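Reading through the structure tokens given below for one structure.
Everything numeric here is computed off the predicted structure, so don't read it as measured data. Along the sequence shown, residues carry numbers from 1.
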Amino acid sequence: MWNGVFPAVTTKFTHNDDLDHNEMARCFALQMDAGCDGLIVCGSLGEGSMLSQEERLQVLKTARSVAAGKPVLMTVSEAATRDAAAMAQKAAKAGADGLMVVPSPIYHTNPEETAATLGAVAAAGDLPVMIYSNRVAYRVDVTIDIMEKLAGDKRFVAVKESSDDIRRTTELLSHFGDRFDVFTGVDNLALEALAMGAVGWVAGLVVAFPRETVAIYRLARAGRVDEARAIYRWFRPMLDLDVSTYLVQNIKLAEALEINTNERVRMPRMPLSGDNRKRAEAIIRHAIATRPALPDVTRLAA
């Protein structure tokens, strides 16, 4: 159902800590212009946990206004299942094309609880669902056995595989075939996952470098691995910035340096400073100065 590059977009704020819809629309449109295949709003990178439910719905509306008919997914990540179900219902009513659902971001559910929670949220929203499997960040592992229990519900169409173990991609595809659309969710494992058969990439650094990300994805899917690898090797030091406690600040700094936007975050986060900033800025500026020429991938299918 879904494939291609789906940016996990950042949320933009004004100086007064309000949502900056004009700047979000501009930045989201850059993703569409570069050939991305959908948008995911209000995830970890989108600071969703720092937004009210109403603010998240407003971000969804802005994304839909520039998505040109491509799918826009709302991230659902709530401590209580009833709140997640309510968010799913609101997102469906607001026009979301699908949901990316985190099983439980605070209480670490057991397998029975994980399956029940995902099922309840899917039923409440009644939209296509991408399961967000991220045992590193959220301490809940959506295993093959759990996904087996969910496979009978056709609303579950995809999984964002962020276990940090490239073997999981192969295991999913070997076990389920094409039952689920497998997306890689770890920037610095993306090409490896695509080589193993993943059909999509929920990407982070794409928000600053959309054309490079799309080129890697399309070249890899077309079997032009040498060309994809060359770009990926250039990109890799920046992709490592996605795997960090400071991923939001890192990536917003990359956006500021590359696409001339702001790097404002919502507290308790604060923009990078000191050695953390020097290190990240040096990586980003070096990449900008040494960026490779990109082949024309406009005719390559997603």
Side-chain angles (χ1 to χ4, degrees), residues 2 6-11 13 19 38-61 63 71-94 96-111 113-143 146-147 150 155-164 183-187 202-204 207 242-248 251 265-269:
W2 293 322
F6 280 46
V9 291
T10 59
T11 300
F13 301 104
L19 296 178
L39 297 171
I40 300 178
V41 300
C42 304
S44 302
L45 183 55
E47 299 173 78
S49 61
M50 307 299 167
L51 307 176
S52 69
Q53 289 196 354
E54 180 56 37
E55 285 179 316
R56 282 175 262 172
L57 296 172
Q58 293 173 23
V59 174
L60 172 69
K61 181 179 179 180
V72 179
L73 279 58
M74 169 67 85
T75 305
V76 177
S77 178
E78 302 283 358
T81 301
R82 70 172 188 175
D83 294 336
M87 186 71 243
Q89 290 176 329
K90 292 176 183 178
K93 186 175 180 180
D97 297 291
L99 308 172
M100 184 173 75
V101 182
V102 178
S104 177
I106 297 177
Y107 170 69
H108 304 154
T109 51
N110 66 32
E113 293 167 331
T114 300
T117 293
L118 289 167
V121 176
D126 197 27
L127 288 172
V129 171
M130 177 184 292
I131 301 165
Y132 187 7
S133 179
N134 188 338
R135 65 189 181 191
V136 177
Y138 300 116
R139 303 294 188 268
V140 176
D141 190 9
V142 186
T143 62
I146 292 172
M147 291 185 64
L150 302 174
R155 286 173 290 221
F156 291 104
V157 301
V159 56
K160 177 185 175 184
E161 168 43 40
S162 299
S163 70
D164 206 32
F183 279 63
T184 176
V186 182
D187 266 3
V202 178
V207 297
D242 180 60
V243 187
S244 166
T245 301
Y246 301 105
L247 81 158
V248 176
I251 292 174
V265 289
R266 178 164 282 181
M267 290 185 72
R269 286 188 179 91

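Judged by distance alone, with hydrogens and angles left aside, the side-chain atoms of Q58 form no donor-acceptor pair with the main-chain N or O of L19 at under 3.5 Å. Side-chain atoms of S133 never come within 3.5 Å of backbone atoms of E161 as a donor-acceptor pair (strictly under, hydrogens ignored). Using modelled atom types, one side-chain atom of E113 and one backbone atom of N110 make a donor-acceptor pair closer than 3.5 Å. A donor-acceptor pair is defined here as one N or O able to donate and one able to accept, closer than 3.5 Å; such a pair exists between the side chain of D97 and the backbone of V72.
Using a 4.5 Å heavy-atom cutoff, the side chains of V186 and D164 are in contact. The shortest side-chain heavy-atom distance between E78 and Q53 falls under the 4.5 Å cut-off. Looking at heavy atoms from C-beta onward, T117 lies out of side-chain contact with T114 at the 4.5 angstrom threshold. At least one side-chain heavy atom of L51 sits under 4.5 Å from a side-chain heavy atom of T11.
Around the CZ atom of R269, the shell of radius 6.0 Å holds more than 12 heavy atoms that belong to other residues, nucleotides or ligands.
Taken to the nearest 0.5 Å, the CD1 atom of I40 stands 10.5 Å off from the CG atom of L45. To the nearest 0.5 Å, atom SG of residue C42 and atom CG of residue L73 are 11.5 Å apart.
For the pair K160 and Y132, the cation sits on the ring face: its NZ or CZ lies under 6.0 Å from the ring centre, inside 45° of the axis.
Minimum heavy-atom separation, T109 to S104: CG2-CB, 3.7 Å.
Tested against M87 for a side-chain contact (heavy atoms from CB on, under 4.5 Å), the candidates T75, L57, L99 yield a single pass: L57.
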